[in-house]
Amino acid sequence: MMVLDLLLAIQREHDAALGFRFSCRVAMCGTCTLRLDGRSVLACQTPVPRDRDTVRLDPVAGLPVLRDLVVDTTAFWEEWARVTPYLVPRDDLTEPAVIRPDAKERQLIDPALDCIGCGACYSSCAVSAGSRDFIGPAALNRAMVLVADSRDAAGEERLAAVTGEGGVDRCHYVYGCSAQCPKGLDPAQAIRRLRRWRLRPRSSDDGR
Amino acid sequence: MTGVDVADVPVVDTDVLVVGSGGAGLMCVLHVKAAAPELDVTIVSKGAVGRSGCTRMVQGGFNAVLDPADSVDLHLRDTLDGGRFLNDQELAHTLVTDAPKVIHELETRVGCFFDRSEDGRIHQKAFAGQQFDRTVHRGDLTGIEIMGRLRDQMFRVLPNELEDVRALDLVTDVHGELVGLTALDARTGRALLVRARIVVVATGGAATMYRIAAPAKEKTGDGVAMCWRAGLPLRDMEMLQFHPTGLLAAESRMTGAVLEEGLRGAGAYLYNARGERYMERYDAARMERSTRDVVSRAGYSEIMAGRGTPTGGVLIDISHLGAGEVERRFPGMVARTRQIGQDLATGPVEVSPTAHFHMGGVLIDPDCHTEMRGLLVAGEDAGGTHGANRLGGNGVAESTVFGSRAGDTAAAEASSRGFGEPDPEQVAASFARAYAPLERDAGELPFPLTRELKDAMWVGCGVVRDRAGLEECLASLDELTERSAQVSVPGPAQVNYAWQEALDLENQLTVARTVVAAAQLREESRGAHYRADFPEQDDAAWSRYVVLRRAADGSVSSDTRPVEHTRLAP
């Protein structure tokens, strides 16, 4: 039984007014994030612990609670918006780019690509959840992907933005983000890369 | 009515109103903004924008002709063969013609990146029912890439996003001219009226009305139900696709999630509880690699005949390929089974057919026009593109192709329509209906009714149907409809999911009744619709599609129309 099943059972059988959010229930939508005994997890993918009678569920940290476990995610997406999160396509891009699957660019991007915007990293980052000025791990991971993408024309401006105020230097390397990402991404590594790329050209990067 | 005074309801005016924020809805927004940046666009989304609905959940991929050795004619033929020639051929033709353009757009403008072949060009994989390998994908998480990037694009074009807002009913002026719709802000519990020059409905299907079902929570047929109440004609409502291998995870909500078709393609076996490879009895030539409708029906028949597992499933087994090989080729599927204490890599896993996709829906033309001026419909809410059976990979293609076209149409036509005055009676009736569950002092909660609906549809109008079962199902729906009109939910109105469930239930029941009505009419078997009492496909009598319509007084009429073979004869 997953935590989501527990919540559904409570809603059906005990408290119809219990508030929690979910959609896909297979770790693709990223809307059922909560804290189980302090850990930020997806309710749909996290088994209910069997070794005790009670567990503690809290809403995601750092975001205003609308009701019970439902939060207002606006602040998370405002940070996302700060990195210019969309591709700014090069003008000459009319055909899908020819990029070999083993290209260095793809080795940087592919493992960082499947972010579902669940906010588990945000919730487990003391800097993000505790203040409003840090761009945060999810958005910085997105920025790293775009800076590495050869199809994008806005890399330098984006790099300057995320390495400036509220950017990568606010990270204290606690690694909560990478430890708690339910998709196994490594936002801390993305932040380290962005820091390096500020100092030397990406073409000389060894990918670590 | 006690809750809402129509005169006090806040009004939002917008040039183009898009209902739904999946693949169709967000592509529509992009296209409106590309063609006419000056237009004001508003998204109304019951769930999180870009993160609800089913485009997000697409695993397999997107069918598009990209290779010079392939052709759109071949893609059309595959689509019509798959649809058992019930398709609206102009819609199917539009799908296959536009799909390559949309893949180009997704790659070069939207920022998606699909998997590459060794030579660096887009990789296309094999899918069932296709004569060419044309399915574009990003691993087995294609939907995350498409919806993630579309959601990012919203930060560029900046539509007005009304998130957690449920569209209730289309409303017209007193002369029947579309004005906009009534809506409910689920966060505040407040009523809202949205007026628009053009309304685009793209909310997705209603397959969640079945006991075992694949889609996301939001997919309760809201758009189709809304159009039905407004008197628009629906076609092919009996055509509800079951995917043959949905996960069985007991009471867990994960039940019904799809184990991908590639498993059978790679050589998986299907067994019943007696250890028999039962496909021998249903399609000895193709066995497990037969088409979705045949394999679903076989599994269902085994389960219903008492040859299923104790929990009501059959078994899929691919462990003979070796654990390492299964883990390498199907990492997502292996993880999904381990999550529920089973292991696809080392042994059999329980599966069942699962309600997956609704081929039926609102009648549209290739530019997404409906009968009602100012109303466009795109994606799974529309009917006709897939006929009696949808090919894997044509679903996300449909959402994005027709979402784009709806956006183009809306941009071109918005200036030709103004803002009307809504008929106050319609507005009052809509809010009275919506607030009723909250205002009743006593009554059942909606949750057990939803469960009864799912059971009734599963047993009576599922993979295999017959006259007696459909009649019994309809009687159950009658009873549930009466009871649903008396449900009561506790307050407050803010962020109240029990209340939202009551409104979902009403829409599901509305759509369910049309599915049963159409299934009763079609006395033959074709594609996803199988009648045990009429097991053969009857082309002489049934090269026709069923159209249903609700009149203003609530009465339902039906007619059947001949399929026009404008592009290709069977």
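Below, chains carry the letters A, B, ... as their sequence lines are ordered, and counting in each starts from 1. In what follows, every heavy atom counts, from backbone to side chain, and hydrogens, waters and symmetry copies are set aside.
When heavy atoms are compared at a cutoff of 4.5 Å, B:Arg149 approaches chain A solely by way of its side chain, counted from C-beta outward. Of the atoms belonging to B:Thr208, not a single heavy atom falls under 4.5 Å from chain A. For chain A, no part of B:Asp115 is nearby; none of its heavy atoms comes within less than 4.5 Å. Of the two parts of B:Cys112, only the backbone, made up of N, CA, C and O, holds a non-hydrogen atom closer than 4.5 Å to a non-hydrogen atom of chain A. Interface remark: B:Pro492 contributes backbone and side-chain atoms alike to the contact with chain A (heavy atom separation under 4.5 Å). There is no contact between B:Phe114 and chain A, counting heavy-atom distances below 4.5 Å. With a 4.5 angstrom heavy-atom cutoff, B:Ala214 touches chain A only via backbone atoms.
Side-chain atoms of B:Arg336 and B:Met254, non-hydrogen and from C-beta on, do get closer than 4.5 Å to each other.
Under a cut-off of 6.0 angstrom, the local environment of CG in B:Asp441 is sparse, with at most 12 non-hydrogen atoms contributed by other residues, nucleotides or ligands.
Between B:His356 and B:His243, the two ring planes are perpendicular [angle over 60°; tilted spans 30° to 60°].
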Fill in: Trace of the salt bridge (Lys or Arg N to Asp or Glu O under 4.0 Å) decision for A:Asp58 with A:Arg39
CA-CA 9 Å; A:Asp58 287 288; A:Arg39 257 183 329 123; over 6 Å; no
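Contact count versus chain B (heavy atoms, under 4.5 Å) is highest, among A:Leu93, A:Leu87, A:Ile99, for A:Ile99.
Between B:Glu218 and A:Arg25 there is no salt bridge, since no side-chain N of the basic residue sits under 4.0 Å from a carboxylate O of the acidic one.
At distances below 3.5 Å, at least one donor-acceptor pair connects side-chain atoms of A:Arg151 with backbone N or O atoms of B:Gly111.
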